[in-house]
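Structure record follows, encoded as structure tokens.
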Amino acid sequence: MENESDAREHGQGEPRVLLDERLLPGRFLIASNRLPYALKLEDGEVVFQRGAGGLVTALDPIISHTGGVWIGWTGSYDQLPEKVLLKKGLGSVQDYELKPLNLTQQEVEHYYLGHSNRGIWPLFHYFQQRAEFNREQWQTYQAVNRKFADAIIAEYREGDLVWVHDYHLMLVPAMLREALPDALIGFFLHIPFPSVEILQVDPHAEEILRGLLGADLVGFHIDRYAHNFMDAVAGLTDHRYRRGEQLVEVGQRAVKVGSFPISIDFKHFADIAAMPETEAKAQEIRDHYQAKTIALGVDRLDYTKGILERLEAIELMLEKHPELQGNFTFIQISAPSRTKVHAYQQMREGIEQMVGRITGRFGGKGGAPVDYRYHGYPQEELVAFYRAADLALVTPLRDGMNLVAKEYAASRVDEDGALVISKFAGAYGELRGAIVVNPYDIEGMAESIYQAVMLDREEKRRRMQRLRKVVSRNDIYWWLERFLREVASVKSNA
Ligand code: GDG
């Protein structure tokens with residue numbers, strides 16, 4: 001092992017100093033739509049289940065490390081106690097508190113499934129034709145944002161850092177600012193922030209900007225989204241702004257805008273990947289598929305992730321390169337998501353039909369061409385899949401960042417494996433070493449996947465080393481430190 005970062009990657013050497021302790025606030029008050037653990041009552045006892053999805057993967061290690069309070073919806077309609085202590089041992093290093101926010105079915109329908117997931121989600125991912133906005137959804141979105149703000153205000157103590165997350169809660173920062181003029185408030189958006197032409201499709205675009213500008217720091221994954229936000233402020237509000245410094249003047253306050261590419265706990269994934277049990281499981285997976293080459297997709301089942309287009313490209317590749325038939329398997333792991341939204345049900349059917357078609361055309365010789373798995377896996381098993389796969393296909397039509405790409409790189413402690421990434425994933429700019437595709441160009445994508453299949457061992461190693469170097473350096477703690485440093489600077493400049 002040549003250097004310290006290699007030692008860390010393999011889980012050896014000194015443990016990393018995770019954070020500059022001086023940056024840590026009194027406490028973290030984190031607010032997001034969902035708590036990191038789904039909570040429900042069974043025989044009067046609170047039962048926990050860790051949630052899937054990028055936000056949880058990113059933030060759980062952080063609050064586990066620092067302690068604090070996480071406020072969010074439980075995912076059930078059970079009336080839960082006001083606070084639940086998440087004890088060490090349930091995956092967390094330090095105790096932290098969960099403050100469940102009980103939502104009614106009507107609220108979930110209009111605020112969560114409705115305005116958030118039928119309105120903002122498609123629009124901010126540039127699917128403007130799919131975006132549905134109506135008054136009832138909007139009024140419920142406002143009311144639930146108010147509910148979150150009230151819960152945060154009730155919990156707030158001087159010295160806390162309030163950190164509000166994601167598109168469900170974009171009105172909360174301004175609501176907090178009104179009640180807590182001196183509080184330090186950060187906001188981070190986990191999805192893209194679209195160009196102003198797209199944003200304007202939302203009948204409440206100005207209110208969203210006003211809501212976000214209640215924060216001291218508004219963070220996005222990449223510069224493009226931060227620039228889009230500045231353009232929107234310039235075009236749709238009267239606030240003065242300094243584009244070069246990415247500052248907006250709101251009354252006496254300066255709001256800082258910045259980009260902070262979110263990441264993963266690299267060491268955690270590398271450690272799991274290096275465990276003998278994981279290697280054994282990966283070998284089992286390889287033995288199960290007799291194909292010479294295994295490609296892998298891991299996504300929440302979402303139309304933004306480009307799963308249909310990926311399947312089309314694979315079909316075309318198998319057609320154009322018949323020598324791969326029987327020698328290539330594509331495993332698609334799709335964790336169920338937003339199953340009550342019609343667009344998701346429709347897409348699920350479309351995918352199943354296409355898998356059937358590809359199997360009909362190219363099955364029979366050797367292993368199945370596509371193995372579609374519509375369920376979630378424990379993280380250890382997911383990492384075994386990462387280790388077993390010769391290539392990972394991360395081909396979203398639009399994605400804020402995409403953590404799967406980073407997890408794949410972190411898990412390849414053997415420095416093998418090739419990553420194919422869409423240029424519409426936020427992660428694309430950072431992940432030099434990946435093979436880049438445009439998922440709207442099916443023929444081009446088919447050729448690029450073929451190119452990834454054919455890479456020789458040495459070229460793969462070179463590319464994987466580059467990827468691992470970036471992700472090990474720019475890990476989740478690096479992300480957190482950058483965000484905290486920026487928030488701290490807002491405070492000290494005040
Ligand atoms: C949003 C933004 C942004 C998936 N299947 C299983 C499983 N997962 C985990 C993955 C990964 C996470 O879910 C998915 O994260 P992504 O980043 O890929 O995507 P979103 O859920 O859409 O996340 C995204 C992210 O927020 C963070 O800001 O990157 O752009 O859309 O961690 O590993 N985990 C387990 N089993 C599964 O079957 N255990």
Side-chain angles (χ1 to χ4, degrees), residues 20 23 25 55 58-59 120 123-126 161-167 169-177 181-200 202 205-263 398-401 424-430 470 473-474 476-494:
D20 180 345
L23 292 173
L55 192 144
L59 288 180
I120 297 166
L123 185 66
F124 279 37
H125 286 87
Y126 290 75
L161 167 61
V162 185
W163 198 357
V164 181
H165 287 266
D166 227 358
Y167 61 102
L169 303 180
M170 291 192 285
L171 305 179
V172 170
M175 293 173 173
L176 295 177
R177 181 61 62 202
D182 299 323
L184 192 56
I185 303 169
F187 180 90
F188 188 79
L189 188 69
H190 291 259
I191 65 174
F193 194 87
S195 69
V196 65
E197 289 82 3
I198 293 287
L199 182 73
Q200 277 179 299
D202 183 342
E206 282 93 344
E207 280 132 298
I208 285 180
L209 293 175
R210 227 189 338 273
L212 293 174
L213 288 170
D216 293 294
L217 173 61
V218 184
F220 301 93
H221 287 306
I222 57 173
D223 290 345
R224 162 64 47 214
Y225 310 156
H227 293 162
N228 287 344
F229 180 77
M230 290 302 288
D231 287 347
V233 168
L236 306 181
T237 77
D238 296 329
H239 293 301
R240 289 166 53 144
Y241 56 91
R242 282 174 262 158
R243 209 181 267 277
E245 294 164 69
Q246 302 217 120
L247 272 181
V248 184
E249 291 174 21
V250 181
Q252 299 303 307
R253 292 186 307 116
V255 178
K256 184 90 179 89
V257 176
S259 61
F260 307 87
I262 205 166
S263 192
R398 195 68 66 166
D399 211 337
M401 174 54 62
F424 300 114
Y428 145 77
E430 258 179 295
V470 174
R473 193 180 55 215
N474 300 359
I476 188 68
Y477 299 102
W478 167 85
W479 172 77
L480 178 65
E481 267 195 38
R482 290 190 62 225
F483 195 90
L484 292 180
R485 226 174 265 287
E486 201 66 54
V487 175
S489 80
V490 174
K491 198 180 178 188
S492 56
N493 292 339

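Hydrogens, waters and symmetry mates are skipped; everything else that's a heavy atom, side chains included, is used.
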Pairing residues for Gln246 by the side chain to side chain donor-acceptor pair (under 3.5 Å) criterion, not counting sequence neighbours: none
Spell out, as yes or no, whether a donor-acceptor pair under 3.5 Å connects the side chain of Ser259 to the backbone of Ala226. no
Evaluate the ring planes of His221 and His190, with Trp represented by its six-membered ring, and classify them as parallel (under 30°), tilted (30 to 60°) or perpendicular (over 60°). perpendicular
Shortest non-hydrogen contact from Leu199 toward Ala232: CD2-CB, 3.7 Å
Could you work out, with ring pair (Phe, Tyr, Trp, His ring centres under 6.0 Å) as the rule, every residue matching Phe124, not counting sequence neighbours? Phe193
What's the spacing between Phe187 CZ and Trp163 CH2 if we round to 0.5 Å? 11.5 Å
side-chain contact (heavy atoms from CB on, under 4.5 Å) partners of Glu206, counting only residues at least two apart: Leu236
Okay, side chain of Tyr225, backbone of Gly400: is any donor-acceptor separation there less than 3.5 Å? yes
Applying the side-chain contact (heavy atoms from CB on, under 4.5 Å) criterion to Trp478, which one of Leu480, Asn474, Ile476 satisfies it? Asn474
Considering only residues two or more places apart or on different chains, which pairs with a residue in residues 208-226 satisfy salt bridge (Lys or Arg N to Asp or Glu O under 4.0 Å)? Arg177-Asp216
Mind checking what makes side chain to side chain donor-acceptor pair (under 3.5 Å) contact with Asn228, not counting sequence neighbours? none
Passing option when Met170 is tested against Val164, Leu209, Leu212 for side-chain contact (heavy atoms from CB on, under 4.5 Å): Leu212
Contacts of Tyr167 that satisfy side chain to side chain donor-acceptor pair (under 3.5 Å) - sequence neighbours left out: Asn117, Arg338
Would you mind reporting whether Val248 and Met230 have side-chain heavy atoms less than 4.5 Å apart? yes
Sort and list the pairs that fulfil ring-ring contact (aromatic ring centres under 6.0 Å, His included) and have at least one residue in residues 235-261, not counting sequence neighbours. Phe260-Phe483
Do any pairs count as a salt bridge (Lys or Arg N to Asp or Glu O under 4.0 Å) and have a residue in residues 228-237, sequence neighbours left out, and if so which ones? Asp231-Arg243
Leu213 side chain near Phe229 side chain, heavy-atom distance below 4.5 Å: yes
Rounded distance [0.5 Å steps], CD1 in Ile222 versus CE in Met401: 6.5 Å
Taking only residues two or more places apart in sequence or in another chain, which ones pass side-chain contact (heavy atoms from CB on, under 4.5 Å) with Ala183? Tyr156, Leu180, Ile185
Under the 3.5 angstrom rule, does the side chain of Arg253 hit a backbone N or O of Pro181 as a donor-acceptor pair? no
Assess Arg482 against Trp479: is NZ or CZ under 6.0 Å from the centre of the six-membered ring, and within 45 degrees of the ring's axis? no
Is the number of heavy atoms from other residues, nucleotides or ligands under 6.0 Å of Glu245 CD greater than 12? yes
Under the side chain to side chain donor-acceptor pair (under 3.5 Å) test, which residues partner Ser195, sequence neighbours left out? Glu197
Closest non-hydrogen atom pair, Gly186 against Ala215: C-CB, 4.4 Å
Does Glu249 have any side-chain contact (heavy atoms from CB on, under 4.5 Å) partners at least two apart in sequence or in another chain, and if so, which? Arg240, Arg242
Non-neighbouring partners of Phe424 that pass ring pair (Phe, Tyr, Trp, His ring centres under 6.0 Å), sequence neighbours left out: Tyr440
Flag side-chain contact, heavy atom, 4.5 Å: Asp166 against Leu189: yes
